[in-house]
Asker: 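First, the structure itself, so that you have it in front of you.
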Amino acid sequence: MKTLPELLESGVRDALRVLYDADGANQEITLQSTRKEFEGEFTVVTFPLTRLARKKPEVIAEEIGAYLQGNVDEVTGYNVIKGFLNLVIADRYWTKFLLDSAVAEGFGHVDGGKERVVVEFASPNTNKPLHLGHVRNILLGWATSQLLQAAGHDVVRVQIINDRGIAICKSMLAWERFGDGATPKSKGTKADHFVGGYYVLFEQRFQQEYAEWQQSDEAASVLAEKNTKDLSPEAFWKSFKNTYFNEYSDLGRAAKEMLLRWEKGDPETVALWNRMNGWVYEGFDETYERLGVTFDKVYYESQTYLLGKDMVEAGLDKGVFYRKDDGSVFADLSDTKLDQKALLRGDGTSLYITQDLGTARLRYDDFQAKRMVYTVGDEQNYHFQVLFELLKRLEEPYANGLFHLSYGMVDLPTGKMKSREGTVVDADDLMDEVIQEAYQSSLERDATSELNDTERREIIRKIGMAALKFQIIKVGPQKRMTFDPKESVDLQGQTGPYVQNAYVRTRAVWRKAGDRDLSAADQYRELQPAERELISQLYAYPTLLQDAAANYDPSVVAMFCYELAKNLHKFWHDVSILNAETEAAVAFRLQLCQAVGNVLRSGMGILGIDMPERM
RNA sequence: GGCUGCGUAGCUCAACUGGAUAGAGCACUUGACUACGAAUCAAGAGGUUUCAGGUUCGAAUCCUGACGCGGUCACCA
């Protein structure tokens, strides 16, 4: 069966041929949904048709409108405003569509049959707990993976955890030296926070050591000798910090030695590393569960950081990379404005980018997916441009299916989050706060007072999480966003709870309706404006999911849910459901509530937001 | 500085990828619960889309330049 846009488009082409004897085959027909303030559901823009028809836009619109009304069954009316032809679709088309298609469970979703796609998101380091930045990443990545799945793809969810390197060694060293054998259990601290605490402790001790050292004779001579730019002592010491860590610091040396021992596979070091990372994963898993996300496979950098060298060799054989005299390997990407990029060091060891080459291949071997999505912040745009270009030059079979799902950083009202300044918003704290907010708000209402404590807590959790998730996902991914944790999140207006409330209304009316004969629904004839609005919006849902998936953009699903909820609220206000004038109207409106409720639950489900039955 | 992204109501964000009078929410003002749930609805006010040119039937959107704010420019990850 043809869709409405298809019907209307071919109708317009017919009209062009019949009315103007013009071949419209190559003519783009601009069709859009009609703006709220005008009557109709679809609009044809006639400005572009003036050349074919050789008439004024208004005249063309009038003539095509008349033609469509006369020749296309689904069009029962039209109106013309300037060059815009607004078309009114028949009530019986809408009622049939609702009862035949839209009320069905799973409406809008496509079942399988498409490509397999790997979606990577989260991908934290193990030295500190998850924060607000990770939250955006995780929500975005999860929603996108759900969206791709709803659009019919076979989705594999993965993350790669950076579990090695100097950072985790700092935590290990601090724990070893200052920890007194404490464990998360003995301290009663969430395990990843426990480990993160030692990372912070290391930094504090290091700063202390550095400050003391600055008073020494050695420091005085370093200052005299190396402060060539004549900086103030404070400024110089700030810029000298890395050098100090690498060349003078006891703690720095100890951390680096630990890293070396780890790389050599020293059993004691590896055991400590396993123990501390194990704690971190325990904590991460709790946070992931609270956020409602899961992974099909977890990769660890400790297992992938040596990969990719063979691909570099292959690239050398192919002649797409070159080796310098000192033994280092480079790719010349200057023809694509990406400059020269190092792939192997002079000593033959690999780099970040090398590892990513290898990991891409590894994933392809694991899943045979020709599409892979990387959910990573926009600070790494350049990195991924280079990575994808390299994989293309290596002629990897999946090279054309790679997508960097880039998103903007999350700022606080006070500016950027800085771990040094302690302004980082912790993920677990944030969730606690929004749920607390939802709790306060629920105290002012009594809609759930007949439920027991467990049930109420569960509802409040759903409301708080909906507020948080919706607030973040509704913003387009590439946009940098400001998030105010103090005001936590709103529960009214353009929010998750607002959408939930619309859903809860559709459920409440059904509870009240009880068992009822709905067979009269198809006798319903004259649609109210609020009903037409809702149905034509439902009609757009399947296409919207496909478009959103093609653009990797869950924010449009969020905005759609909001608009649908808004129209449901208006409908609720404008018409009676159970007290409607006829039995047909009651039955039809109940079905409409059912369909809207289903779509709201579906759309919000894609975003990772649960719907309560009451609130 | 090179490359790159962004600049829309007091604030947080939209604008179907070039279409109508640039829309929502928050905050502010004002109405609506004896009603299927008021976490709701209705109304008001709020704009030279940073600025200056250009392209065309038509520009927040495309081009050029200026100003402002990010990101990135390691044989780091």
Side-chain angles (χ1 to χ4, degrees), chain A residues 30-38 43 45 47-48 50-51 56-57 81-84 86 125 162 164-167 301 305 324 326-330 337-339 341-353 355-356 377-383 385 406 408-409 411 413 416 438 441-442 444-445 447 463 467 471 474-476 478-484 487 490-502 504-513 540 543-544 547 551 555-556 559 562-563 566 568-570 572-580 586 589-590 593 614-615:
Chain A
T30 311
L31 192 69
Q32 52 191 343
S33 50
T34 304
R35 302 179 70 131
K36 259 202 303 245
E37 59 262 42
F38 305 111
T43 296
V45 184
F47 294 101
T50 47
R51 247 182 310 157
K56 286 186 179 170
I81 292 162
K82 296 200 281 189
F84 298 90
N86 302 321
N125 299 340
N162 180 9
R164 59 170 286 278
I166 192 71
E301 287 201 4
Y305 79 111
K324 284 191 177 174
D326 62 2
S328 59
V329 176
F330 276 76
K337 292 211 281 193
L338 294 171
D339 216 341
K341 186 71 191 175
L343 304 175
L344 285 180
R345 292 194 184 91
D347 62 6
T349 54
S350 56
L351 294 157
Y352 183 49
I353 190 91
Q355 173 190 162
D356 274 2
D378 62 9
E379 63 209 352
Q380 298 208 45
N381 283 350
Y382 173 73
H383 172 75
Q385 280 176 28
S406 171
M409 298 290 102
D411 289 326
K416 295 179 66 172
S441 187
S442 84
E444 299 163 9
R445 304 163 218 279
I463 295 170
Q471 171 113 335
K474 77 177 183 188
V475 179
Q478 66 282 52
K479 186 141 188 157
R480 199 178 178 98
M481 65 182 288
T482 311
F483 186 93
D484 191 343
E487 293 177 11
D490 291 331
L491 304 175
Q492 280 153 25
Q494 197 181 66
T495 67
Y498 175 95
V499 180
Q500 286 178 321
N501 186 230
V504 162
R505 285 179 146 180
T506 68
R507 303 307 299 155
V509 74
W510 270 86
R511 270 198 303 277
K512 199 125 192 173
T543 319
L544 178 120
D547 290 350
N551 293 320
S555 73
V556 310
M559 292 314 295
Y562 169 71
E563 293 294 339
K566 185 171 168 160
L568 187 281
H569 283 307
K570 182 169 176 52
W572 190 274
H573 179 265
D574 286 356
V575 307
S576 285
I577 300 169
L578 296 176
N579 298 322
V586 174
R589 287 172 188 168
L590 277 170
C593 282
R614 52 182 80 208
M615 62 192 286

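Here is how names work: the chains are called A, B, and so on, in the same order as the sequence lines, proteins then strands, and each is numbered from 1. A quick note: this is a predicted structure, and the numbers were derived from the prediction, not measured.
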Asker: Once salt bridge (Lys or Arg N to Asp or Glu O under 4.0 Å) is applied, do any residues pair with A:E444, and if so which ones, sequence neighbours excluded?
Answerer: none
Asker: A:K82 side chain N/O closer than 4.0 Å to the phosphate oxygens (OP1, OP2) of B:U21?
Answerer: yes
Asker: When the P atoms of B:A74 and B:G2 are considered, how many whole Å apart are they?
Answerer: 16 Å
Asker: Tabulated below should be each protein N or O lying under 3.5 Å from an N or O of nucleotides 62-65 of chain B; please produce it.
Answerer:
none

Asker: So what does A:G165 touch, heavy atoms closer than 4.0 Å: a base, only the sugar-phosphate, or nothing?
Answerer: nothing
Asker: Taking salt bridge (Lys or Arg N to Asp or Glu O under 4.0 Å) as the definition, give me every residue that meets it alongside A:R589, ordered by chain and number, with sequence neighbours left out.
Answerer: A:E531, A:E581
Asker: Kindly write out the residues that satisfy salt bridge (Lys or Arg N to Asp or Glu O under 4.0 Å) with A:R614, not counting sequence neighbours, or none if the list is empty.
Answerer: A:E450
Asker: With 3.5 Å as the limit, what N/O pairs link the protein to nucleotides 38-43 of chain B?
Answerer:
residue : atom : partner : partner atom : Å
B:A38   : OP2  : A:R505  : NH2          : 2.5
B:A39   : OP2  : A:R445  : NH1          : 2.9
B:A39   : O4'  : A:R445  : NH1          : 3.0
B:A39   : O2'  : A:N501  : OD1          : 3.3
B:A39   : N7   : A:R445  : NE           : 3.4
B:U40   : OP1  : A:G493  : N            : 3.4
B:U40   : O2'  : A:R505  : NH1          : 3.2
B:C41   : OP1  : A:Y498  : OH           : 2.5
B:C41   : O2'  : A:H573  : ND1          : 3.0
B:C41   : O2'  : A:H573  : NE2          : 3.2

Asker: What N/O pairs connect the protein and nucleotides 11-17 of chain B at under 3.5 Å? Give each pair on its own line.
Answerer:
residue : atom : partner : partner atom : Å
B:C13   : OP1  : A:T482  : N            : 2.6
B:A14   : OP1  : A:G476  : N            : 2.8
B:A14   : OP2  : A:K479  : NZ           : 3.3

Asker: Expressed in angstrom and rounded to an integer, what is the separation of A:H383 atom NE2 from B:C73 atom C1'?
Answerer: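 After rounding, the gap between these two atoms is 15 Å.
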Asker: With A:R445, which residues qualify under side-chain hydrogen bond (donor to acceptor under 3.5 Å, both in side chains), at least two apart?
Answerer: A:S441
Asker: Measure from the ring centre of A:F84 to the centre of the six-membered ring in the base of B:G19, then say whether that distance is under 5.5 Å and the planes meet at under 30°.
Answerer: no
Asker: Side chain of A:T34 only, please: which of B:A20, B:G71, B:C57 is the nearest?
Answerer: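 The closest nucleotide is B:A20.
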Asker: Identify, with sequence neighbours excluded, every residue that meets side chain to side chain contact (heavy atoms under 4.5 Å, CB included) alongside A:K566.
Answerer: A:Y498, A:Y562, A:E563
Asker: From the list B:C3, B:G19, B:U72, which nucleotide is the closest neighbour of the side chain of A:T30?
Answerer: B:G19
Asker: Write down the distance separating the C1' atoms in B:C51 and B:U56, rounded off to the nearest Å.
Answerer: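 B:C51 and B:U56 have their C1' atoms separated by 22 Å.
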Asker: Just to be sure I understand: a Watson-Crick pair is purine N1 to pyrimidine N3 plus N6-O4 or O6-N4, both under 3.5 Å. Using that and G-U wobbles, which stems of three or more pairs involve RNA chain B?
Answerer: B:1-7 with B:67-73, B:10-13 with B:23-26, B:28-32 with B:40-44, B:50-54 with B:62-66
Asker: Identify whether any heavy atom of A:D356 sits under 4.0 Å from a base atom; if not, whether one sits that close to sugar-phosphate; answer base, sugar-phosphate or nothing.
Answerer: nothing
Asker: Nearest of B:C26, B:G37, B:A20 to any side-chain atom of A:T43?
Answerer: B:A20
Asker: For A:S406, check side-chain hydrogen bond (donor to acceptor under 3.5 Å, both in side chains) against everything at least two apart and list the hits.
Answerer: A:N381
Asker: Mind checking side-chain hydrogen bond (donor to acceptor under 3.5 Å, both in side chains) for A:S328 and listing every partner two or more places apart, or none if nothing turns up?
Answerer: A:D326
Asker: Suppose we screen for side-chain hydrogen bond (donor to acceptor under 3.5 Å, both in side chains). Which residues come up paired with A:T43, at least two apart in sequence or across chains?
Answerer: A:T34, A:N86
Asker: Given B:G25, B:A77, B:C3, identify the nucleotide with an atom nearest to the side chain of A:Y562.
Answerer: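 The nucleotide sitting nearest to the side chain is B:G25.
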